[in-house]
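Throughout, a chain's letter reflects where its sequence line sits, starting with A, and its residues are numbered from 1.
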Protein chains: 4
Amino acid sequence: MSDERRSPGRPRSQSAREAILTAALELVGEVGYAGLTIDGIANRAGVGKQTIYRWWASKADVLLEAGAALADVRVPVQDCGSYEADLRAFLKASYRIVNQPQMADLLRAVMAEAQINPAFGDRLRSEFLQRRREAFAIITARARDRGDLPERPAPGTVADIVFGTIWYRVMATHQAFDKRLVDDLAALLARPSSGSSGRRRSAGAGT
Amino acid sequence: MSDERRSPGRPRSQSAREAILTAALELVGEVGYAGLTIDGIANRAGVGKQTIYRWWASKADVLLEAGAALADVRVPVQDCGSYEADLRAFLKASYRIVNQPQMADLLRAVMAEAQINPAFGDRLRSEFLQRRREAFAIITARARDRGDLPERPAPGTVADIVFGTIWYRVMATHQAFDKRLVDDLAALLARPSSGSSGRRRSAGAGT
Amino acid sequence: MSDERRSPGRPRSQSAREAILTAALELVGEVGYAGLTIDGIANRAGVGKQTIYRWWASKADVLLEAGAALADVRVPVQDCGSYEADLRAFLKASYRIVNQPQMADLLRAVMAEAQINPAFGDRLRSEFLQRRREAFAIITARARDRGDLPERPAPGTVADIVFGTIWYRVMATHQAFDKRLVDDLAALLARPSSGSSGRRRSAGAGT
Amino acid sequence: MSDERRSPGRPRSQSAREAILTAALELVGEVGYAGLTIDGIANRAGVGKQTIYRWWASKADVLLEAGAALADVRVPVQDCGSYEADLRAFLKASYRIVNQPQMADLLRAVMAEAQINPAFGDRLRSEFLQRRREAFAIITARARDRGDLPERPAPGTVADIVFGTIWYRVMATHQAFDKRLVDDLAALLARPSSGSSGRRRSAGAGT
DNA sequence: GGTTAAGCGAGACGGTACGTCCGGTCTTCCT
DNA sequence: AGGAAGACCGGACGTACCGTCTCGCTTAACC
């Protein structure tokens, strides 16, 4: 029934894979991304360099996969009753991810590499950033259905604002992503648009 | 009258300085930041490597200084009559800077380097990011005095939102910084704080 | 009678053996000995690397065995009537071997490897060079018995001169091993020693 | 007067050059040619790898230059009175070179590399082997003039025999190049050709 | 006819050296 | 003293092979 035809040849070593991801995470914490080298990861992991090059295109890709495990905190997509509550839940989940010890350094590193290496930038977008945006899109879509989504800005722009603010704090100001920011963003973005359009929607929802 | 006591020895060559900045800008456009090397800049500029190392700490510092010329578009700090108008003026000026041809690439490069090289990160913050925030702070301070600054978020957080959104578009989505975003951000941030909470706070403050 | 007790397990694949020897010969002609790799031989032969390592110690050993087939031209050991005629017959046989198309390259390769890898050097001596010397020793021994062997040089030194000259042409000058060299060497080495000993022998032969 | 216009830039470091040649000679003695690496030479010499690659094309070229110093024993070209005496003097000089402690290993290595790397083979021929042959050619030319050069073999073939025998002992039999071989070769090659041709020449020379 | 044992193609593994590139320093001569 | 030139040491890069290993499979001999 199952089509899991094993390919011929020695199978990939899971222990090597895990040792590499662990070593990369440890090393980036100890020596920073600039000091991180494939040689260093290979030595720490007790692995040949080729084994890294065989499965990852760059040290940033290793980090990205290592980070995927840490970022396993699943975004809460269940309905909290209102757009603002949904927003707050999403932001709190993001807050928990970003405030993990090695996570901020890792995020800085992968975003930096994405600027320098366009091919990695594409991978970062498709395998990480886009997924986060899609999760967020669930919230705005639900709010639109529910009727409490402000008319402006458009959902894509809202995502830019939310993610942009978080990334800016991580990369530029090195300020903590604290609960106050959760409150500020949720309140700001959930507040009905000024002018007639907002009222119209409220009226519609109230009917 | 003038205190320009010339130091002894041969003075710094202005032609070399300009050739270096020009070469760096050209090369980063041709080969990207990853392909940019001190050797390459020196060759293109017809200059010895040592001349670069004498005056700049890294290729990112060369770019930062090269970019300063491009970013000469001075932020408008004059009063436009309302917080929203001031915001819109500031955002339009930023829009003009970011949309210069080589500027987005240059911004990406220096922000990436800042993540990788902490010492450069400090220089970027103190010599560029902080200056932009200070210019923006004039606007929020004036709005506070004028009385049309929403109570929340705090001015620093507003700056995080504004700059964060712009940087995120430059670095993550590669979306254009268009006039629609100017409108959205100005409208969103100038809109008065929502209903009861704002009033409650005012009431509390008044007691 | 026969003790050919077959060991259990799958017997060695003759088709794999032949494919390997053929692939090695082809490849050394196409890419040279430096470009010859075990991986390359295995791929060309459609064989796993392990199958090569199981039966040969190095790529030079593969070539040595591959060359053994080409060098099948057996040295003529039958008596031609005189030392000079025997010499000439031996040299002509060597000439036919060396002038085979792939043979000179193969000889160069194995002699080079013997200099670099002492263990292979021992194998080359015992399995190839020494056999050739033993074949040659038959000629000098017969000449001694017959009485037309010059007193000097000693047979071992004569072998050094004969083989040395051939190898030098193959390795150092890349000159063809031509019939003129056959004549020169045969005439030189069969000529009676100068001085009293030579005369004594001549006298003896004349009696 | 002198046109030794120094080129601009830092001049080549003689101390680095000598350290590299010394390190190469030491290492080839310790670990053999197969174990000799550019990395190893660079480390032993306290030098960057690039400094080696800048001036030499391969480790064999380093050895060849290192060996040139050892082989400084100049071939004696002065007239010893007879062809046989000249031959003996040349062979004794070669004997002294080959019997230097590191020399045999070095010769084996460069000749091996010449088989494997054709470009190096050309360099070895033009910079070493050919020079030795030219020195030897002086002896045969002088003998021809003097009249005591046997008619056959031709001078080039005589050189093949002399050098071939020496190289064969070094590479194939690992026998010492001893004084007995000097005597044997000198006697063999100086002995007049058999038959009338030799006598004719003697007669002519005697007139 | 099942069991055992070895050989087989495939290909991942830990390593080592390769030759290149670049960083940052230095040493020269020239201005 | 600054600058152009370019060699220097150091060290990471990504590649190529090495020789070994672990798979599933095939092929025989043996019970």
Whole-Å gap separating [atom2] ([N]) and [atom1] ([X]):
X      : N      : atom1 : atom2 : result
A:W56  : F:dG14 : CH2   : C1'   : 16 Å
D:R12  : F:dC9  : CZ    : P     : 11 Å
A:E113 : F:dC13 : CD    : C1'   : 13 Å
D:N117 : E:dG19 : CG    : C1'   : 14 Å

Which pairs, with at least one residue in residues 25-39 of chain D and sequence neighbours excluded, count as a side chain to side chain donor-acceptor pair (under 3.5 Å)?
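Residue pairs with at least one partner in residues 25-39 of chain D: D:E26-D:R44, D:E30-D:R44, D:Y33-D:E113.
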Treating B:K59 as the side-chain partner and B:L36 as the backbone partner, does any N or O pair qualify as donor plus acceptor under 3.5 Å?
yes
Step-by-step side-chain contact (heavy atoms from CB on, under 4.5 Å) determination, B:V28 to B:Q102
CA-CA 9 Å; B:V28 83; B:Q102 299 156 306; 5.9 Å; no
Tell me whether the guanidinium CZ or amine NZ of D:R17 lies under 6.0 angstrom from the six-membered ring centre of D:W55 and within 45° of its axis.
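Because its charged atom misses either the 6.0 Å distance or the 45° angle limit, D:R17 does not stack over D:W55.
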Closer to the 5' end of DNA chain F via nearest nucleotide, is it D:P8 or A:P8?
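So the residue in question is D:P8.
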Starting from the 5' end of DNA chain F, give me the residue, B:A45 or D:A45, whose nearest nucleotide shows up first.
B:A45
Where do C:T51 and C:A16 come nearest, in terms of heavy atoms and distance?
CG2-CB, 4.5 Å
So B:M111 and B:M171, side-chain contact (heavy atoms from CB on, under 4.5 Å) or not? Walk me through it.
CA-CA 9 Å; B:M111 186 59 95; B:M171 300 182 72; 3.6 Å; yes
Does anything in residues 46-55 of chain A come within less than 4.0 Å of DNA chain F? Heavy atoms only, and list the residues if so.
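Result for residues 46-55 of chain A: A:K49, A:Q50, A:Y53, sorted by number.
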Close approaches to DNA chain F from residues 16-44 of chain A, in residue order (heavy atom, under 4.0 Å):
A:T37, A:I38, A:D39
So which of A:I41, A:L64, A:L63, A:L21 actually passes side chain to side chain contact (heavy atoms under 4.5 Å, CB included) with A:W56?
A:L21
Below 3.5 Å, does any donor atom in the side chain of A:R10 face an acceptor in the base of F:dC21, or the other way round?
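Indeed, a donor on one side and an acceptor on the other fall under 3.5 Å apart.
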In Å and rounded to the nearest 0.5 Å, what is the CD1 to CD distance from D:I38 to D:Q50?
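Those atoms lie 11.0 Å apart.
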